[in-house]
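Notes follow once the structure below has been shown.
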Amino acid sequence: MTSRLVLVFLISALILLPLLSTPALSKEPKSEDNGDDLDEDLSFLEADDDDDAIAEHNHHSDPHQFDEAEDDDVEDEDFENYDDFDEPSGFDHEAYSQPEIDEKDVIVLKEGNFSEFIENNRYVMVEFYAPWCRALPGTGAGVRGSSHRVKGRRGGAREGGRDRGEPYPGQRTKDGIITWIKKKIGPGVYNITTTEDAERVQTSENKVVLGFLNSLVGTESEELAGASRLEDDINFYQTVNPDVAKLFHMDLNVKRPALVMLKKEAEKLSHFDGQFKKSAIVEFVSANKLPLVTNFTRESGPMIFESPIKKQLLLFSTSNDSEKVVPTFQEAAKLFKGKLIFVYVEMDDEDVGRPVSDYFGVTGNAPRVLAYTGNDDAKKYVLNGEVTLDKIKAFGEDFLEDKLKTFYKSDPVPETNDGDVKIVVGNNFDEIVLDESKDVLLEIYAPWCGHCQALEPTYNKLARHLRGIESIVIAKMDGTTNEHPRAKAADGFPTLLFFPAGNKSFDPITVDTDRTVVAFYKFLKKHASIPFKLQKPALTPKSEGSNAKESIDSSINDLKDEL
């Protein structure tokens, strides 16, 4: 009898004690609907953030995670010392040997002689470089790779206690650098007094400007020299010799001062017919220094985008089709001289043509013409159909009169889009993001972006937790292959934008918060137009109660065996 009483007592204790110790029975339950967001249990979201922190740490521990374009936006600063360049990881000082430099031509500036050298020389061309930058062969000017910075300084001329210096903006070639230096330290315009000098200039230079003046000194020469200093990549000359003017295809009976630009291109001669003032001369030269059709290359790119004529027509074609369509494009260019820049992009050029085609969203191999505004709010327009002279003419006229419909890049619309994170492309943006009945969080990312890759696990977990809330959409869009006027990734990738329901006509809200599940959730709770309540996930099938029951059963069986 005693044994049975002991058994009953122990069984009762084993049953009651675990139940009394569980959180649900040991304290008063929290109200689920008290209306106070501060009391909301977000512990399960915080646990996700802990996991994300570990994943992000592991992600950033990979030294090769960031591919090319992650840090392309390097500011063009006025470097005051060499500390502006950080060494690349893994740079071996011992293995590196200083390149041999002929100090008769290039002076190596270091901490000990830098300030003194700058102060004691009126004109100084300084290249700031890092030792691991690859030298460009044949430049003769020591310009190295993509990490260089070149400064032209006028020593002794100071503003606010600092040397005045300006970045070198031209082509990274020997001729380009020499022309720019001559502009800065020379008279601005050079005299041609003999026909021998004229022939030498025509033979050695690709494009020149010649002024046929009444005198080599005075107001006319000063206006020409002033214009020359504003055009870094073209040499300006002046003459009073009629024989020289004749060699430059000028009418000897022309009223002076007169001006021509001579180029080694299909349209080699351009006559100036404006008022002989610096500003008018600069405008003329800027409008005429490019050929009728400019082949897009690394060298010509800066000239295209720095031109005062911003609007461009671009012909995209493979090299096989160029003989057929480029002549037609050149004929059209004659009709818009001084109004539009005509650019030819060879699509099958992997070094330049293919990246430019991808940027503009041009696919396939068929010839295609695009119009491009080329300003800060750049817009693109597409000429549909066959590339003919009449179509290009009409297209160019409509472009100048702002009658064209803007073209936006878009990937194909996904056949299925059932994931927790919805896939947005240019052609379904309106349908998903601008749906007035939904609060939409949109990530604009780039496939190569390391920060985007680090954010992905957190973003996916947020979408998984919110999958049951019909009023909220978590979405993402590849910003390198898709465009939309309401989706601007101005600050780089990833850009996070929130489009509140019922307010899609207004600019979206930029999401400026910590990149955690909890922070994103709190942001959505604060800014969502449609209130929502996040339900805590149910316990897994094998709950604490089942574990306790198994433990009790095991203990009872043990007691039975002992008794």
Quick check: are there more than 12 heavy atoms from other residues, nucleotides or ligands sitting under 6.0 Å from [atom1] of [X]?
| X | atom1 | result |
| --- | --- | --- |
| E205 | CD | yes |
| K263 | NZ | yes |
| F305 | CZ | yes |
| E401 | CD | yes |

Between the main-chain N or O of [Y] and the side-chain N or O of [X], is there a donor-acceptor pair closer than 3.5 Å?
| X | Y | value |
| --- | --- | --- |
| K525 | F532 | yes |
| T416 | D418 | no |
| Q275 | I281 | no |
| K207 | K289 | yes |
| K438 | F499 | no |
| E436 | N503 | yes |
| T239 | I192 | yes |
| D439 | S529 | yes |
| K379 | K405 | no |
| K422 | N417 | yes |

Of all heavy-atom pairs between [X] and [Y], which one has the smallest distance, and what is that distance?
| X | Y | value |
| --- | --- | --- |
| Y344 | S317 | OH-O, 3.6 Å |
| I432 | I423 | CD1-O, 3.7 Å |
| P500 | H527 | CB-O, 4.3 Å |
| H484 | D430 | NE2-OD1, 2.7 Å |
| M477 | A487 | CE-CB, 3.8 Å |
| T458 | T516 | CG2-C, 3.8 Å |

(request) Please lay out, stage by stage, how I472 and L441 fare under the test side chain to side chain contact (heavy atoms under 4.5 Å, CB included). (result) CA-CA 8 Å; I472 291 181; L441 177 64; 5.9 Å; no
Nearest 0.5 Å, what's the [atom1]-[atom2] distance between [X] and [Y]?
| X | Y | atom1 | atom2 | value |
| --- | --- | --- | --- | --- |
| T513 | K522 | OG1 | NZ | 9.0 Å |
| H271 | H249 | NE2 | NE2 | 8.5 Å |
| E331 | L292 | CD | CG | 9.0 Å |
| N320 | D348 | CG | CG | 7.0 Å |
| L315 | D321 | CG | CG | 9.5 Å |
| L213 | E223 | CG | CD | 11.0 Å |

(message) Run D435 and V440 through side chain to side chain contact (heavy atoms under 4.5 Å, CB included) and show every step you take.
(response) CA-CA 8 Å; D435 182 350; V440 180; 5.7 Å; no
(request) Just do the side-chain hydrogen bond (donor to acceptor under 3.5 Å, both in side chains) check on N288 and K337 with the steps written out, would you? (result) CA-CA 8 Å; N288 289 276; K337 185 178 176 182; 3.2 Å; yes
(message) As a quick check of understanding, evaluate side chain to side chain contact (heavy atoms under 4.5 Å, CB included) for T388 and T328, giving each step before the final call.
(response) CA-CA 7 Å; T388 65; T328 301; 5.6 Å; no
(request) Kindly write out the residues that satisfy ring-ring contact (aromatic ring centres under 6.0 Å, His included) with F284, not counting sequence neighbours, or none if the list is empty. (result) F272
(request) For this output row, return yes or no: ring centroids of Y372 and F360 closer than 6.0 angstrom. (result) yes
(request) Starting from the C-alpha separation in whole Å, work towards a yes-or-no answer on side-chain hydrogen bond (donor to acceptor under 3.5 Å, both in side chains) for D420 and H465. (result) CA-CA 9 Å; D420 296 332; H465 285 300; over 6 Å; no
(request) May I ask you to establish whether K403 and Y381 are in a cation-pi arrangement, using a distance under 6.0 Å from NZ or CZ to the six-membered ring centre and at most 45° from the ring axis? (result) no
(request) Determine, for F399 and K311, whether the Lys NZ or Arg CZ falls below 6.0 Å from the six-membered ring centre while staying within 45 degrees of the axis. (result) yes
(message) Distance alone, cut at 3.5 Å: any donor-acceptor contact between the side chains of N365 and T318?
(response) no
(request) Evaluate ring pair (Phe, Tyr, Trp, His ring centres under 6.0 Å) for F523 paired with F498, printing each intermediate quantity in order. (result) CA-CA 10 Å; F523 177 91; F498 182 68; 5.8 Å; yes
(message) Evaluate E231 against V209 for side chain to side chain contact (heavy atoms under 4.5 Å, CB included), listing each step before the verdict.
(response) CA-CA 11 Å; E231 284 291 341; V209 172; over 6 Å; no
Under 4.5 Å between any side-chain heavy atoms of [X] and [Y], yes or no?
| X | Y | result |
| --- | --- | --- |
| K476 | E456 | yes |
| Q202 | F248 | yes |
| L496 | F520 | yes |
| L434 | R486 | yes |
| L262 | L269 | yes |
| L455 | Y445 | no |
| N482 | V424 | no |
| R298 | D351 | yes |

(message) Run E220 and N214 through side-chain hydrogen bond (donor to acceptor under 3.5 Å, both in side chains) and show every step you take.
(response) CA-CA 8 Å; E220 295 172 359; N214 293 296; 2.9 Å; yes
(request) Run through F395, F329, F296 and flag the one making a ring-ring contact (aromatic ring centres under 6.0 Å, His included) with F342. (result) F329
